[in-house]
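Both counts, for ligands and for their atoms, begin at 1 and track the order of listing. All residue numbers refer to positions in the sequence shown, counting from 1.
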Amino acid sequence: MAVTTTPRRFPEGFLWGAATAAHQIEGSPMADGAGPSIWTRFAHTPGMTVNGDTGDVACDHYNRWKEDVALMASLGLKAYRFSVSWSRILPEGTGRVNQKGLDFYSRLVDELLSKGIEPLLTLYHWDLPAALDDRGGWLNRDIADWFAEYGSVMYRALDGRVKKWVTLNEPWVVTDGGYLHGALAPGHRSKYETPIASHNLMRAHGAAVKAYREIGKHEIGLVVNIEPKYAATESAADLAATKRAHAYMNEQYLDPAILGHYPPELKNEIFGDAWPEWADEDYALIKQKLDFIGINYYTRSVTQATDSYPLKAGAVRQKLGTYTETGWEVFPQGLTDLLVWAKDRYGNIPTYITENGAAFFDPAVAEEGRVRDPLRMGYLKKHLTAIRDAIDQGCDIRGYMVWSLLDNLEWSLGYSKRFGIVHVNYGTQERTPKDSARWYSKAIASHGASI
Ligand SMILES: OC[C@@H]1[C@@H](O)[C@H](O)[C@@H](O)c2[nH]c(CCc3ccccc3)c[n+]21
(Lines give C-alpha, C1' and ligand atoms only; values in the text may rest on other atoms or scores of the structure.)
Protein backbone atom coordinates (compact mmCIF):
# COMPACT_ATOMS: atom_id res chain seq x y z
CA MET A 1 0.00 0.00 0.00
CA ALA A 2 1.46 3.40 -0.91
CA VAL A 3 2.27 5.39 2.20
CA THR A 4 1.30 9.01 1.71
CA THR A 5 2.95 11.37 4.16
CA THR A 6 1.31 14.74 4.42
CA PRO A 7 4.00 17.39 3.99
CA ARG A 8 5.15 18.92 7.25
CA ARG A 9 3.23 22.11 6.55
CA PHE A 10 2.72 24.99 8.97
CA PRO A 11 -0.59 26.70 9.77
CA GLU A 12 -2.07 28.96 7.09
CA GLY A 13 -0.75 32.49 7.57
CA PHE A 14 2.28 31.31 9.54
CA LEU A 15 4.57 34.34 9.59
CA TRP A 16 8.00 33.49 8.20
CA GLY A 17 10.56 36.19 8.88
CA ALA A 18 13.94 37.27 10.13
CA ALA A 19 15.02 39.49 13.01
CA THR A 20 17.60 42.18 13.69
CA ALA A 21 18.09 45.01 16.20
CA ALA A 22 18.94 48.67 15.65
CA HIS A 23 22.27 48.89 17.44
CA GLN A 24 23.51 45.66 15.89
CA ILE A 25 23.03 46.57 12.24
CA GLU A 26 22.37 50.29 11.69
CA GLY A 27 25.68 52.09 12.33
CA SER A 28 25.62 55.92 12.22
CA PRO A 29 24.44 56.06 15.84
CA MET A 30 24.67 59.85 16.00
CA ALA A 31 23.39 60.70 12.51
CA ASP A 32 20.60 63.20 11.82
CA GLY A 33 20.33 64.54 15.33
CA ALA A 34 20.24 61.24 17.21
CA GLY A 35 21.44 61.18 20.81
CA PRO A 36 23.93 58.63 22.20
CA SER A 37 22.67 55.39 23.73
CA ILE A 38 24.20 53.41 26.58
CA TRP A 39 25.66 51.08 23.95
CA THR A 40 27.38 53.95 22.17
CA ARG A 41 28.98 54.78 25.50
CA PHE A 42 29.63 51.20 26.62
CA ALA A 43 31.29 50.08 23.37
CA HIS A 44 33.53 53.16 23.39
CA THR A 45 34.64 52.33 26.93
CA PRO A 46 37.98 50.52 26.66
CA GLY A 47 37.79 46.79 27.39
CA MET A 48 34.02 46.45 27.22
CA THR A 49 33.80 44.70 23.84
CA VAL A 50 35.92 42.16 21.96
CA ASN A 51 38.56 44.01 19.88
CA GLY A 52 36.96 47.27 21.06
CA ASP A 53 34.28 46.72 18.40
CA THR A 54 31.55 49.39 18.30
CA GLY A 55 28.27 50.04 16.51
CA ASP A 56 29.66 53.09 14.72
CA VAL A 57 29.40 51.36 11.31
CA ALA A 58 28.02 47.82 11.94
CA CYS A 59 26.20 46.74 8.74
CA ASP A 60 25.65 50.37 7.68
CA HIS A 61 21.95 49.57 7.50
CA TYR A 62 21.12 53.20 8.29
CA ASN A 63 22.31 53.94 4.73
CA ARG A 64 21.68 50.56 3.08
CA TRP A 65 18.13 49.97 4.36
CA LYS A 66 16.60 49.99 0.88
CA GLU A 67 18.95 47.30 -0.50
CA ASP A 68 18.43 45.29 2.67
CA VAL A 69 14.67 45.35 2.20
CA ALA A 70 15.19 44.27 -1.42
CA LEU A 71 17.36 41.43 -0.09
CA MET A 72 14.56 40.39 2.32
CA ALA A 73 12.10 40.39 -0.58
CA SER A 74 14.48 38.30 -2.71
CA LEU A 75 14.53 35.72 0.07
CA GLY A 76 10.74 35.66 0.16
CA LEU A 77 10.43 36.84 3.77
CA LYS A 78 6.86 37.54 4.88
CA ALA A 79 7.87 39.54 7.96
CA TYR A 80 10.81 41.46 9.38
CA ARG A 81 11.40 42.01 13.07
CA PHE A 82 13.51 45.07 13.81
CA SER A 83 13.97 47.51 16.68
CA VAL A 84 13.80 51.30 16.89
CA SER A 85 16.65 53.20 18.51
CA TRP A 86 14.93 55.28 21.20
CA SER A 87 17.62 57.97 21.11
CA ARG A 88 17.12 58.57 17.38
CA ILE A 89 13.49 59.45 18.15
CA LEU A 90 14.03 61.29 21.45
CA PRO A 91 17.69 62.34 21.65
CA GLU A 92 17.29 63.29 25.33
CA GLY A 93 15.05 60.30 25.96
CA THR A 94 11.98 62.42 26.61
CA GLY A 95 10.52 65.70 25.29
CA ARG A 96 11.89 66.88 21.95
CA VAL A 97 11.18 64.56 19.00
CA ASN A 98 13.88 64.26 16.32
CA GLN A 99 11.79 64.14 13.15
CA LYS A 100 14.69 62.85 11.00
CA GLY A 101 14.99 59.86 13.29
CA LEU A 102 11.30 59.15 12.99
CA ASP A 103 11.52 59.59 9.21
CA PHE A 104 14.14 56.82 8.94
CA TYR A 105 11.81 54.24 10.47
CA SER A 106 8.79 55.55 8.60
CA ARG A 107 10.62 55.11 5.27
CA LEU A 108 11.79 51.64 6.31
CA VAL A 109 8.25 50.56 7.20
CA ASP A 110 6.85 51.91 3.93
CA GLU A 111 9.53 50.07 1.95
CA LEU A 112 8.75 46.83 3.79
CA LEU A 113 5.03 47.21 3.12
CA SER A 114 5.70 47.98 -0.55
CA LYS A 115 7.41 44.56 -0.78
CA GLY A 116 4.62 42.75 1.08
CA ILE A 117 6.79 42.26 4.17
CA GLU A 118 5.04 42.72 7.52
CA PRO A 119 6.98 44.88 10.02
CA LEU A 120 7.22 43.62 13.61
CA LEU A 121 8.57 46.54 15.63
CA THR A 122 10.46 46.23 18.92
CA LEU A 123 10.49 49.47 20.90
CA TYR A 124 13.39 48.53 23.16
CA HIS A 125 16.25 46.24 22.19
CA TRP A 126 18.78 47.31 24.88
CA ASP A 127 19.91 50.72 23.56
CA LEU A 128 18.65 53.08 26.28
CA PRO A 129 19.24 56.80 25.61
CA ALA A 130 22.37 57.77 27.54
CA ALA A 131 20.54 60.90 28.75
CA LEU A 132 18.08 58.69 30.61
CA ASP A 133 20.82 56.52 32.07
CA ASP A 134 22.23 59.78 33.47
CA ARG A 135 18.89 60.16 35.27
CA GLY A 136 19.06 56.64 36.73
CA GLY A 137 17.82 54.74 33.68
CA TRP A 138 16.05 51.50 34.61
CA LEU A 139 16.72 52.24 38.29
CA ASN A 140 14.47 55.33 38.19
CA ARG A 141 10.76 54.57 38.63
CA ASP A 142 9.96 57.50 36.29
CA ILE A 143 11.21 55.37 33.38
CA ALA A 144 7.77 53.79 33.13
CA ASP A 145 6.45 57.21 32.05
CA TRP A 146 9.48 57.93 29.85
CA PHE A 147 9.02 54.62 28.02
CA ALA A 148 5.26 55.12 27.61
CA GLU A 149 5.95 58.60 26.18
CA TYR A 150 8.42 57.14 23.66
CA GLY A 151 6.01 54.34 22.76
CA SER A 152 3.20 56.85 22.26
CA VAL A 153 5.32 58.89 19.82
CA MET A 154 5.91 55.71 17.82
CA TYR A 155 2.31 54.50 18.00
CA ARG A 156 1.01 57.85 16.71
CA ALA A 157 3.55 57.86 13.88
CA LEU A 158 3.37 54.24 12.72
CA ASP A 159 0.38 52.34 14.08
CA GLY A 160 -1.65 50.91 11.21
CA ARG A 161 1.40 50.53 9.04
CA VAL A 162 2.95 48.60 11.94
CA LYS A 163 0.39 46.14 13.30
CA LYS A 164 2.58 44.06 15.59
CA TRP A 165 4.39 45.94 18.35
CA VAL A 166 6.79 44.62 20.96
CA THR A 167 7.55 46.62 24.10
CA LEU A 168 10.78 45.02 25.38
CA ASN A 169 13.27 42.55 24.01
CA GLU A 170 14.38 40.19 26.78
CA PRO A 171 14.08 42.03 30.11
CA TRP A 172 16.03 39.13 31.64
CA VAL A 173 19.15 39.88 29.58
CA VAL A 174 18.83 43.64 30.12
CA THR A 175 18.78 42.99 33.87
CA ASP A 176 21.12 39.99 34.29
CA GLY A 177 23.65 41.38 31.80
CA GLY A 178 23.35 45.08 32.55
CA TYR A 179 22.82 45.17 36.31
CA LEU A 180 23.91 41.86 37.88
CA HIS A 181 26.93 40.60 35.95
CA GLY A 182 27.87 43.80 34.12
CA ALA A 183 28.71 42.13 30.81
CA LEU A 184 26.26 44.37 28.96
CA ALA A 185 25.48 48.10 29.10
CA PRO A 186 25.28 49.91 31.46
CA GLY A 187 27.72 47.43 33.07
CA HIS A 188 26.53 47.47 36.68
CA ARG A 189 27.21 44.64 39.14
CA SER A 190 24.70 44.85 41.94
CA LYS A 191 22.41 42.27 43.54
CA TYR A 192 20.45 45.20 44.97
CA GLU A 193 20.00 47.13 41.72
CA THR A 194 19.03 44.00 39.77
CA PRO A 195 15.47 43.52 41.13
CA ILE A 196 14.82 47.27 40.88
CA ALA A 197 15.88 47.45 37.23
CA SER A 198 13.94 44.29 36.45
CA HIS A 199 10.77 45.53 38.12
CA ASN A 200 10.99 48.94 36.43
CA LEU A 201 11.43 47.23 33.07
CA MET A 202 8.18 45.40 33.68
CA ARG A 203 6.44 48.56 34.95
CA ALA A 204 7.59 50.31 31.78
CA HIS A 205 6.31 47.40 29.71
CA GLY A 206 2.90 47.71 31.39
CA ALA A 207 2.82 51.49 30.95
CA ALA A 208 3.65 51.16 27.25
CA VAL A 209 0.92 48.54 26.72
CA LYS A 210 -1.56 50.75 28.59
CA ALA A 211 -0.59 53.69 26.37
CA TYR A 212 -1.01 51.50 23.30
CA ARG A 213 -4.58 50.66 24.31
CA GLU A 214 -5.32 54.43 24.25
CA ILE A 215 -3.69 55.04 20.87
CA GLY A 216 -3.15 51.83 18.91
CA LYS A 217 -5.64 49.66 17.10
CA HIS A 218 -3.59 46.52 16.49
CA GLU A 219 -1.44 44.13 18.48
CA ILE A 220 1.21 44.45 21.16
CA GLY A 221 3.26 41.90 23.07
CA LEU A 222 6.37 41.13 25.09
CA VAL A 223 9.46 39.23 23.94
CA VAL A 224 11.32 37.05 26.42
CA ASN A 225 14.32 34.77 26.20
CA ILE A 226 13.52 31.51 27.95
CA GLU A 227 15.53 28.34 28.21
CA PRO A 228 14.40 24.96 29.58
CA LYS A 229 16.29 23.93 32.72
CA TYR A 230 16.86 20.19 33.13
CA ALA A 231 18.25 18.93 36.47
CA ALA A 232 21.70 17.36 36.07
CA THR A 233 20.86 14.76 38.72
CA GLU A 234 17.88 13.88 40.91
CA SER A 235 19.74 15.14 43.98
CA ALA A 236 17.78 17.56 46.18
CA ALA A 237 20.46 20.21 45.63
CA ASP A 238 20.32 19.94 41.83
CA LEU A 239 16.52 19.84 41.78
CA ALA A 240 16.34 22.98 43.96
CA ALA A 241 18.95 24.74 41.80
CA THR A 242 17.00 23.87 38.66
CA LYS A 243 13.81 25.24 40.19
CA ARG A 244 15.61 28.49 41.09
CA ALA A 245 17.13 28.83 37.61
CA HIS A 246 13.73 28.18 35.99
CA ALA A 247 12.02 30.80 38.16
CA TYR A 248 14.81 33.35 37.61
CA MET A 249 14.88 33.14 33.81
CA ASN A 250 11.65 31.57 32.61
CA GLU A 251 8.97 32.68 35.09
CA GLN A 252 10.32 36.03 36.28
CA TYR A 253 8.85 38.05 33.40
CA LEU A 254 5.86 36.22 31.94
CA ASP A 255 4.43 35.53 35.42
CA PRO A 256 3.98 39.21 36.43
CA ALA A 257 2.98 40.22 32.89
CA ILE A 258 0.30 37.53 32.54
CA LEU A 259 -0.42 36.13 36.01
CA GLY A 260 0.16 39.32 38.04
CA HIS A 261 2.76 38.02 40.51
CA TYR A 262 6.42 37.02 40.69
CA PRO A 263 7.60 33.46 41.36
CA PRO A 264 8.30 33.19 45.13
CA GLU A 265 11.81 31.83 44.56
CA LEU A 266 13.01 35.31 43.59
CA LYS A 267 12.61 36.65 47.12
CA ASN A 268 12.78 33.47 49.17
CA GLU A 269 15.71 31.70 47.47
CA ILE A 270 17.60 34.15 45.29
CA PHE A 271 17.50 37.84 46.27
CA GLY A 272 16.37 37.63 49.90
CA ASP A 273 16.67 41.06 51.56
CA ALA A 274 17.64 42.56 48.16
CA TRP A 275 14.09 41.90 46.93
CA PRO A 276 11.91 44.94 47.72
CA GLU A 277 8.23 44.64 48.64
CA TRP A 278 6.38 45.96 45.59
CA ALA A 279 3.15 47.97 45.84
CA ASP A 280 -0.08 46.45 44.52
CA GLU A 281 -0.47 49.21 41.94
CA ASP A 282 2.83 48.09 40.41
CA TYR A 283 1.44 44.61 39.82
CA ALA A 284 -1.73 46.10 38.33
CA LEU A 285 0.34 48.24 35.96
CA ILE A 286 2.53 45.33 34.85
CA LYS A 287 -0.35 42.92 34.21
CA GLN A 288 -1.80 44.26 30.96
CA LYS A 289 -3.61 42.08 28.41
CA LEU A 290 -1.18 40.94 25.71
CA ASP A 291 -2.15 40.10 22.15
CA PHE A 292 0.84 37.78 21.77
CA ILE A 293 4.14 36.81 23.33
CA GLY A 294 7.47 36.42 21.58
CA ILE A 295 9.84 33.65 22.62
CA ASN A 296 13.54 33.83 21.80
CA TYR A 297 14.97 30.31 21.93
CA TYR A 298 18.57 29.27 21.51
CA THR A 299 19.46 26.43 23.84
CA ARG A 300 18.74 24.49 26.99
CA SER A 301 20.56 24.34 30.31
CA VAL A 302 21.30 21.10 32.15
CA THR A 303 21.43 22.63 35.62
CA GLN A 304 23.24 21.78 38.84
CA ALA A 305 23.76 23.45 42.21
CA THR A 306 26.84 25.67 42.21
CA ASP A 307 28.12 28.53 44.36
CA SER A 308 27.27 31.09 41.67
CA TYR A 309 26.03 34.44 43.03
CA PRO A 310 23.18 34.87 43.79
CA LEU A 311 21.47 32.04 41.87
CA LYS A 312 23.59 29.19 43.18
CA ALA A 313 22.90 27.28 39.95
CA GLY A 314 24.87 26.69 36.78
CA ALA A 315 24.87 24.76 33.51
CA VAL A 316 26.65 21.44 33.04
CA ARG A 317 28.40 21.02 29.68
CA GLN A 318 27.11 17.88 27.94
CA LYS A 319 29.93 15.53 26.87
CA LEU A 320 27.97 14.28 23.86
CA GLY A 321 26.40 17.67 23.10
CA THR A 322 26.88 19.78 19.95
CA TYR A 323 27.77 23.37 20.73
CA THR A 324 27.63 26.62 18.77
CA GLU A 325 30.32 29.30 18.62
CA THR A 326 28.67 31.07 21.56
CA GLY A 327 28.92 27.90 23.66
CA TRP A 328 25.21 27.05 23.48
CA GLU A 329 24.17 23.40 23.17
CA VAL A 330 22.07 22.57 20.11
CA PHE A 331 18.94 21.06 21.70
CA PRO A 332 15.77 21.45 19.62
CA GLN A 333 13.70 19.21 21.90
CA GLY A 334 14.05 21.97 24.48
CA LEU A 335 12.04 24.28 22.25
CA THR A 336 9.15 21.83 22.03
CA ASP A 337 9.25 21.25 25.79
CA LEU A 338 9.35 25.00 26.47
CA LEU A 339 6.47 25.85 24.14
CA VAL A 340 4.28 23.19 25.74
CA TRP A 341 5.24 24.50 29.20
CA ALA A 342 4.34 28.08 28.20
CA LYS A 343 1.03 26.93 26.68
CA ASP A 344 0.07 25.10 29.87
CA ARG A 345 1.19 27.88 32.24
CA TYR A 346 0.00 30.98 30.37
CA GLY A 347 -3.06 29.72 28.53
CA ASN A 348 -1.90 29.23 24.94
CA ILE A 349 -1.50 32.92 24.11
CA PRO A 350 -0.67 33.43 20.41
CA THR A 351 3.10 33.00 20.26
CA TYR A 352 5.83 33.94 17.81
CA ILE A 353 9.30 32.51 17.89
CA THR A 354 10.82 35.98 17.65
CA GLU A 355 14.42 34.74 17.64
CA ASN A 356 16.09 31.42 16.91
CA GLY A 357 19.47 30.87 15.29
CA ALA A 358 23.11 30.04 15.85
CA ALA A 359 26.64 31.30 15.38
CA PHE A 360 28.87 28.74 13.73
CA PHE A 361 32.28 29.30 12.21
CA ASP A 362 31.36 30.17 8.62
CA PRO A 363 33.84 29.81 5.73
CA ALA A 364 34.68 32.89 3.68
CA VAL A 365 32.59 33.65 0.62
CA ALA A 366 33.65 31.08 -2.00
CA GLU A 367 34.66 32.16 -5.50
CA GLU A 368 31.23 31.30 -6.90
CA GLY A 369 29.64 33.57 -4.30
CA ARG A 370 28.49 30.83 -1.98
CA VAL A 371 28.84 30.59 1.81
CA ARG A 372 28.45 26.99 2.87
CA ASP A 373 26.89 26.86 6.36
CA PRO A 374 25.52 23.32 6.75
CA LEU A 375 25.57 23.48 10.55
CA ARG A 376 23.27 26.50 10.56
CA MET A 377 20.96 24.85 8.02
CA GLY A 378 20.79 21.79 10.25
CA TYR A 379 20.11 23.94 13.30
CA LEU A 380 17.21 25.77 11.62
CA LYS A 381 15.75 22.53 10.25
CA LYS A 382 15.80 20.85 13.66
CA HIS A 383 14.23 23.83 15.43
CA LEU A 384 11.50 24.35 12.85
CA THR A 385 10.71 20.65 13.21
CA ALA A 386 10.56 21.14 16.98
CA ILE A 387 8.07 23.99 16.46
CA ARG A 388 6.01 21.75 14.19
CA ASP A 389 5.95 19.17 17.00
CA ALA A 390 4.78 21.84 19.50
CA ILE A 391 1.99 22.87 17.11
CA ASP A 392 0.95 19.20 16.90
CA GLN A 393 0.73 19.29 20.72
CA GLY A 394 -1.70 22.20 20.58
CA CYS A 395 0.60 25.23 20.86
CA ASP A 396 -0.66 28.34 19.07
CA ILE A 397 2.56 29.27 17.27
CA ARG A 398 1.93 32.02 14.72
CA GLY A 399 5.37 32.66 13.22
CA TYR A 400 9.13 32.28 13.23
CA MET A 401 11.81 35.00 12.95
CA VAL A 402 15.26 33.59 12.33
CA TRP A 403 18.08 35.32 14.19
CA SER A 404 19.49 36.92 12.24
CA LEU A 405 18.94 38.32 8.76
CA LEU A 406 22.51 39.65 8.67
CA ASP A 407 25.80 38.91 10.39
CA ASN A 408 25.97 41.79 12.86
CA LEU A 409 27.36 43.28 16.09
CA GLU A 410 27.00 40.59 18.75
CA TRP A 411 27.05 43.11 21.65
CA SER A 412 30.14 42.59 23.86
CA LEU A 413 31.37 39.87 21.51
CA GLY A 414 31.66 42.43 18.75
CA TYR A 415 31.80 41.11 15.18
CA SER A 416 33.48 37.89 16.24
CA LYS A 417 30.26 35.84 16.09
CA ARG A 418 28.20 35.46 12.92
CA PHE A 419 24.48 34.62 13.34
CA GLY A 420 23.31 35.79 9.92
CA ILE A 421 21.71 33.75 7.18
CA VAL A 422 23.31 36.45 5.03
CA HIS A 423 27.05 37.00 5.22
CA VAL A 424 28.30 40.57 5.65
CA ASN A 425 31.77 41.60 4.51
CA TYR A 426 32.36 44.41 7.01
CA GLY A 427 35.12 45.84 4.84
CA THR A 428 33.03 46.24 1.71
CA GLN A 429 29.54 45.93 3.30
CA GLU A 430 28.74 43.35 0.61
CA ARG A 431 25.87 41.04 1.54
CA THR A 432 26.03 37.36 0.40
CA PRO A 433 23.14 35.01 1.18
CA LYS A 434 24.50 31.85 2.79
CA ASP A 435 23.26 28.37 1.88
CA SER A 436 21.02 28.62 4.95
CA ALA A 437 19.27 31.64 3.38
CA ARG A 438 18.58 29.66 0.21
CA TRP A 439 17.33 26.77 2.30
CA TYR A 440 15.10 29.09 4.35
CA SER A 441 13.65 30.65 1.19
CA LYS A 442 12.55 27.19 0.03
CA ALA A 443 11.05 26.45 3.44
CA ILE A 444 9.02 29.66 3.25
CA ALA A 445 7.91 29.10 -0.35
CA SER A 446 6.75 25.56 0.50
CA HIS A 447 5.05 26.58 3.79
CA GLY A 448 7.48 24.30 5.54
CA ALA A 449 6.92 21.24 3.36
CA SER A 450 10.56 21.27 2.22
CA ILE A 451 11.94 21.14 5.78
O1 LIG B 1 23.12 36.28 20.95
C2 LIG B 1 22.34 36.26 19.81
C3 LIG B 1 21.11 37.15 20.02
C4 LIG B 1 21.45 38.64 20.13
O5 LIG B 1 22.22 39.06 19.02
C6 LIG B 1 20.11 39.40 20.20
O7 LIG B 1 20.29 40.81 20.16
C8 LIG B 1 19.40 39.07 21.51
O9 LIG B 1 18.01 39.38 21.43
C10 LIG B 1 19.62 37.62 21.89
N11 LIG B 1 19.11 37.00 22.95
C12 LIG B 1 19.65 35.76 23.01
C13 LIG B 1 19.39 34.76 24.07
C14 LIG B 1 19.64 35.37 25.43
C15 LIG B 1 21.08 35.72 25.63
C16 LIG B 1 21.56 36.91 25.09
C17 LIG B 1 22.88 37.28 25.29
C18 LIG B 1 23.71 36.44 26.04
C19 LIG B 1 23.20 35.26 26.56
C20 LIG B 1 21.89 34.91 26.35
C21 LIG B 1 20.46 35.61 21.92
N22 LIG B 1 20.41 36.76 21.25
Test: R81 cationic atom under 6.0 Å from Y352 six-membered ring centre, within 45° of axis: no
Check ion pair D396-K343 (N to O, under 4.0 angstrom): no
Check: N408 N/O within less than 3.5 Å of ligand 1 N/O: no
D238 side chain to A231 backbone, donor-acceptor under 3.5 Å: no
R317 charged N/C atom sitting above Y323 aromatic ring, 6.0 Å / 45°: yes
Within reach of ligand 1, part of L184 (heavy-atom separation under 4.0 Å): neither
salt_bridge(E118, K163) N-O dist < 4.0 Å: no
Shortest protein heavy-atom distance from atom 9 (O) of ligand 1, along with the residue and atom involved: E355 OE2, 2.7 Å
Distance from atom 16 (C) of ligand 1 to nearest protein heavy atom, with residue and atom: V173 CG2, 3.9 Å
Protein contact of atom 5 (O) of ligand 1 - nearest heavy atom, named by residue and atom, plus distance: E410 OE1, 2.7 Å
K417, portion touching ligand 1 at heavy-atom distance under 4.0 Å: neither
For atom 3 (C) of ligand 1, the protein heavy atom that lies nearest, with its residue and separation: Y298 OH, 3.5 Å
T303 and R244 side chains, donor-acceptor separation under 3.5 Å: no
Residue selection (non-hydrogen contact nearest atom 11 (N) of ligand 1) among H23, H125, E170: E170
Side-chain donor/acceptor of Y105 to backbone N/O of S85, under 3.5 Å: yes
Closest protein heavy atom (residue, atom, distance) for atom 7 (O) of ligand 1: Q24 OE1, 2.7 Å
Heavy-atom nearest neighbour in the protein, as seen from atom 19 (C) of ligand 1, with distance rounded to 0.1 Å: W328 CZ2, 3.6 Å
Any N/O pair N169/ligand 1 closer than 3.5 Å: yes
Main-chain N/O of A183 paired to S412 side chain as donor or acceptor, under 3.5 Å: yes
Whether W172 lies under 4.0 Å from ligand 1, heavy atom: no
